[in-house]
Amino acid sequence: MSLPSPTVVYRTRNYQEAESAAACLLRAGINTRLNSPKPIGHMVEGPVFDILHEVLAADCTEAEVEQLLSQWRSKNRSTDPNKPPFCYHCGETLTSMIAVCPACGNPLDCDPETSSQSVT
């Protein structure tokens, strides 16, 4: 089944990660766009929290995108044990490795029984 155009296929708080995921899809010939909102009215020094960078795809099937992102994730797994896992669909911070996000209900492409990697 073809995705409705354009559809958010990946979300992250890390811009470089979003850029890498979008590049992976583009290399495979997927019509992809990176949506990175700019903070508005941020007048203090320091980081801006809870900004999600979105990768959107169009003119492809959900299966194509899932396969490409799964391959990309396996190549780019974070090994930083201090980085808290979070749902890459909605951005919810997770307390442990789980198979389904408690906030949005989407699968997280991990096996909590065998995985020691952060969901990114």
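None of these values were measured; they are calculated from a predicted model. The first residue of the sequence shown is numbered 1, and numbering continues consecutively from there.
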So if you build clusters from Ile, Leu, Val, Met, Phe, Trp, Tyr with side-chain heavy-atom gaps below 4.5 Å, do Val8 and Leu52 land together?
-> no
Pairwise side-chain contact, Pro102 with Thr95, heavy-atom cut-off 4.5 Å (strictly under) = no
Output the distance between atom CD (Glu19) and atom SG (Cys24), rounded to the nearest 0.5 Å.
-> 13.0 Å
N/O donor-acceptor pair under 3.5 Å between Gln67 side chain and Glu64 backbone = no
Got a second to check how far Arg73's CZ is from Ser20's OG, nearest 0.5 Å?
-> 11.5 Å
In one Ile/Leu/Val/Met/Phe/Trp/Tyr side-chain cluster, 4.5 Å: Leu34, Trp72 = yes
Look at the side-chain heavy atoms of Ile, Leu, Val, Met, Phe, Trp and Tyr, link any pair under 4.5 Å apart, and say whether Leu69 and Val100 land in one connected group.
-> no
When rounded to the nearest 0.5 angstrom, what distance separates CZ in Arg13 from NE2 in His53?
-> 10.5 Å
Shortest non-hydrogen contact between Pro6 and Ala58, atoms and distance | CA-CB, 4.2 Å
Are any side-chain N or O atoms of Thr32 and backbone N or O atoms of Ile30, one a donor and one an acceptor, separated by less than 3.5 Å?
-> yes
Can you tell me how far the CZ atom of Arg33 sits from the CG atom of Leu25, to the nearest 0.5 Å?
-> 13.5 Å
Considering all heavy atoms of both residues, which atom of Glu17 and which atom of Thr12 are nearest to each other, and what is their separation?
-> OE2-OG1, 3.1 Å
Considering the options Val65, Asn35, Val9, which one meets the side chain to side chain contact (heavy atoms under 4.5 Å, CB included) requirement together with Val55?
-> Val9
In Å, rounded to the nearest 0.5 Å, how long is the span from CD of Glu66 to CG of Leu68?
-> 10.5 Å
